[in-house]
Amino acid sequence: VGPGMAAIDAVVPGAEEVDAVAADMGAMRRNYPAESSVEILSELEEHGDLIAGAAEEYDVPLALVQNLIMGESSGDPGAIGRETTAGWHAHGLMQLALTTAQEQAEEIAEDLNLPIDEAFEGIRCDPNGRCALTEEDLRNRPDWNIILGTRYLGEKLDEWGNDPLD
């Protein structure tokens, strides 16, 4: 499993490294090819419409999302990343950390002005009404993984700038 999305949360780079990452991320959105390879399209065909919709919704180049999924999980929704030094794993197609996915789910529910259990039907809630994603959700619900991961990627692209050299 590749170092991409999980690495964004796991690494705290120095100032020079942040500038380099920002330049790389800005270049990704600006210069990423619009087309996708036939190999990638065939691997992701089952989730193609969802990936395309999420990419459009969160203003992330479709080919970037597709290639990130292939690089992170080889298109395997059940992929589990290697354990980090912090003791957690990334999960699913976009290799999301559970805390990142939970934050994204809560923000989406807030954006929709819905309780999280209505925005993500089937999410587990305790008797006190606290609802939380599980690692299994990230692997067994590729639809959630794609939406949450693409939203997160779009946030990072926005945070680091579409064109950090301007």
message: Salt bridge check, R130 against D126: does any charged N sit closer than 4.0 Å to a carboxylate O?
response: yes

field: Lys/Arg-Asp/Glu bridge criterion (N-O < 4.0 Å) met for R151, E107
entry: yes

With heavy-atom distances below 4.5 Å as the criterion, would you say the side chains of [X] and [Y] are in contact?
X: T84; Y: H89; result: no
X: V60; Y: L68; result: no
X: E72; Y: L93; result: no
X: D137; Y: W144; result: yes

- request: Spell out, as yes or no, whether a donor-acceptor pair under 3.5 Å connects the side chain of D117 to the backbone of I123.
  value: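 Between the backbone of I123 and the side chain of D117 there is no qualifying donor-acceptor contact (under 3.5 Å).
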
query: Between N145 (side chain) and R141 (backbone), is there a donor-acceptor pair under 3.5 Å?
result: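 Side chain of N145 to backbone of R141, a donor-acceptor pair under 3.5 Å: no, none is there.
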
[atom2] on [Y] to [atom1] on [X], rounded to 0.5 Å:
X: L138; Y: Q102; atom1: CG; atom2: CD; result: 9.5 Å
X: I147; Y: M94; atom1: CD1; atom2: CE; result: 11.0 Å
X: Y152; Y: E159; atom1: OH; atom2: CD; result: 7.5 Å
X: S73; Y: L96; atom1: OG; atom2: CG; result: 10.0 Å
X: W88; Y: L98; atom1: CH2; atom2: CG; result: 10.5 Å
X: D59; Y: L157; atom1: CG; atom2: CG; result: 8.5 Å

Verify the neighbour count for atom [atom1] of [X]: are there more than 12 heavy atoms of other residues, nucleotides or ligands below 6.0 Å?
X: E118; atom1: CD; answer: yes
X: N113; atom1: CG; answer: no
X: E136; atom1: CD; answer: yes

message: By the disulfide bond (SG atoms under 2.5 Å apart) test, which pairs, at least two apart or in different chains, include something from residues 49-81?
response: none

query: Testing I69, I146, D143 for side-chain contact (heavy atoms from CB on, under 4.5 Å) with H47, which one passes?
result: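 The single option meeting the side-chain contact (heavy atoms from CB on, under 4.5 Å) with H47 is I146.
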
- prompt: Please walk me through it: do L114 and I108 pass side chain to side chain contact (heavy atoms under 4.5 Å, CB included)?
  reply: CA-CA 9 Å; L114 291 172; I108 288 172; over 6 Å; no

statement: side-chain hydrogen bond (donor to acceptor under 3.5 Å, both in side chains) filter on E57, not counting sequence neighbours, yields none

query: Of all residues at least two apart in sequence or in a different chain, which pass the side-chain hydrogen bond (donor to acceptor under 3.5 Å, both in side chains) check with E121?
result: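 In terms of side-chain hydrogen bond (donor to acceptor under 3.5 Å, both in side chains), with neighbours along the sequence ignored, E121 is linked to no residue.
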
Which atom of A55 lies closest to which atom of P61, heavy atoms considered: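 A55 and P61 have their closest heavy atoms at CB-C, 4.5 Å.
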
query: How far apart are the C-alpha atoms of F120 and L148, what are their side-chain angles, what is the distance that settles it, and do they pass the side chain to side chain contact (heavy atoms under 4.5 Å, CB included) test?
result: CA-CA 11 Å; F120 291 88; L148 299 169; 3.8 Å; yes

